[in-house]
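What follows is one structure encoded as structure tokens, with my remarks underneath.
When a residue number appears, it is its place in the shown sequence, counting from 1.
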Amino acid sequence: MTEVAFHFNAPDKLAYACRLLRKALAGDAKVVVTAAAGTLDALDRALWTFSPVDFLPHCRAADAAPLLAASPIVLAEGGQPVPHHQVLLNLGEEVPPEFGRFERLIEVVGRDDEDDRQRARRRWKHYAERAYAITRHDLALKS
């Protein structure tokens, strides 16, 4: 069964996602990031600029098969076919389609956006009603 984790109170969701992705790559994990197109565009830009010393190789789900096979991070809108099912990072507003195919699902929730928090509560309820064990990481406690 998919391991579900919620990371709450991220002051900047995209910056936090970049740090999570850097950590995942250091652990040799392969990650699919799902979100709306605009969010994926912003994340794509952030991955190129968030650190002057780190390069996080990534591509889009619509890219050519050889690039997909070589990229440990794949940016995908909901429902797009993806090359691996290890970790799914959801930056979107809804429960990702086919999240159950992944070993792990990570949900990132912003600190200052009440609408984002409400949508996260609905996703939490969705997973809990289906008996997924949920791990909670409160980022406010770590700062």
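Between A17 and L43, the shortest heavy-atom distance links the atoms CB-CD1, 4.2 Å. The two residues V109 and A120 make their nearest non-hydrogen contact at CG2-CB, 3.4 Å. Shown here for L89 and V31, the closest heavy-atom pair between the two residues is CB-CG1, 4.0 Å.
In this structure, W48 shares a hydrophobic cluster with F55, the cluster being traced through Ile, Leu, Val, Met, Phe, Trp and Tyr side chains under 4.5 angstrom apart.
Under the side-chain hydrogen bond (donor to acceptor under 3.5 Å, both in side chains) criterion, R130 pairs with H126, not counting sequence neighbours. Here D113 pairs with nothing under the salt bridge (charged side-chain N to carboxylate O under 4.0 Å, His left out) rule; sequence neighbours left out. Looking at residues two or more places apart in sequence or on another chain, you find no salt bridge (charged side-chain N to carboxylate O under 4.0 Å, His left out) involving E94. Remark: E114 engages R117, Q118, R121 in a side-chain contact (heavy atoms from CB on, under 4.5 Å) (not counting sequence neighbours). Residues satisfying the side-chain contact (heavy atoms from CB on, under 4.5 Å) test with A5, not counting sequence neighbours, are H7, T135, H137. With sequence neighbours left out, the salt bridge (charged side-chain N to carboxylate O under 4.0 Å, His left out) criterion links D44 to R60. By the side-chain contact (heavy atoms from CB on, under 4.5 Å) test, L67 pairs with C59, D63, S71, sequence neighbours left out.
Cluster annotation: L47 and L68 are assigned to distinct hydrophobic clusters (Ile/Leu/Val/Met/Phe/Trp/Tyr, side-chain heavy-atom contacts under 4.5 Å, transitive). Follow the hydrophobic side-chain contacts under 4.5 Å out from V32 and you never reach L40; the two are in separate clusters. W124 and L139 fall into different hydrophobic clusters, defined by Ile, Leu, Val, Met, Phe, Trp and Tyr side-chain heavy atoms under 4.5 Å apart, directly or through other members.
Expressed to the nearest 0.5 Å, how far CG of D138 lies from CG of N9 amounts to 4.5 Å. The SG atom of C18 sits 7.0 Å away from atom CG of L56, with the distance rounded to the nearest 0.5 Å.
By the 4.5 Å heavy-atom criterion applied to side chains, R123 and F6 are counted as neighbours. Residues R45 and L14 fail the side-chain proximity criterion, which asks for heavy atoms closer than 4.5 Å. Here the side chains of L88 and I106 are not in contact, with every heavy-atom distance at 4.5 Å or above.
Residues in residues 2-18 take part in these salt bridge (charged side-chain N to carboxylate O under 4.0 Å, His left out) pairs, two or more places apart or across chains: K13-D116. Contacts classified as salt bridge (charged side-chain N to carboxylate O under 4.0 Å, His left out) and involving residues 22-35 (residues at least two apart or in different chains) are given here: R22-D54.
In this structure, R111 is not positioned above the aromatic face of F8 in the sense of NZ or CZ being under 6.0 Å from the six-membered ring centre and within 45° of the axis.
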- Message: Please evaluate residues L21 and V33 with respect to the criterion side-chain contact (heavy atoms from CB on, under 4.5 Å), reporting the C-alpha separation (whole Å), side-chain torsions for both, the decisive distance (0.1 Å), and the verdict.
- Response: CA-CA 9 Å; L21 291 168; V33 182; 4.0 Å; yes

- Task: Take L105 and Y127 through the side-chain contact (heavy atoms from CB on, under 4.5 Å) test and state the conclusion after the steps.
- Result: CA-CA 11 Å; L105 167 64; Y127 304 130; 3.2 Å; yes

Could you tabulate the donor-acceptor pairs under 3.5 Å formed by side-chain atoms of residues 95-104, not counting sequence neighbours?
from : atom 1 : to   : atom 2 : distance (Å)
E98  : OE1    : R101 : NE     : 3.4

Run the side-chain donor-acceptor check on residues 72-85: report pairs under 3.5 Å with partners two or more places apart or on a different chain.
from : atom 1 : to  : atom 2 : distance (Å)
Q80  : OE1    : E77 : N      : 2.7

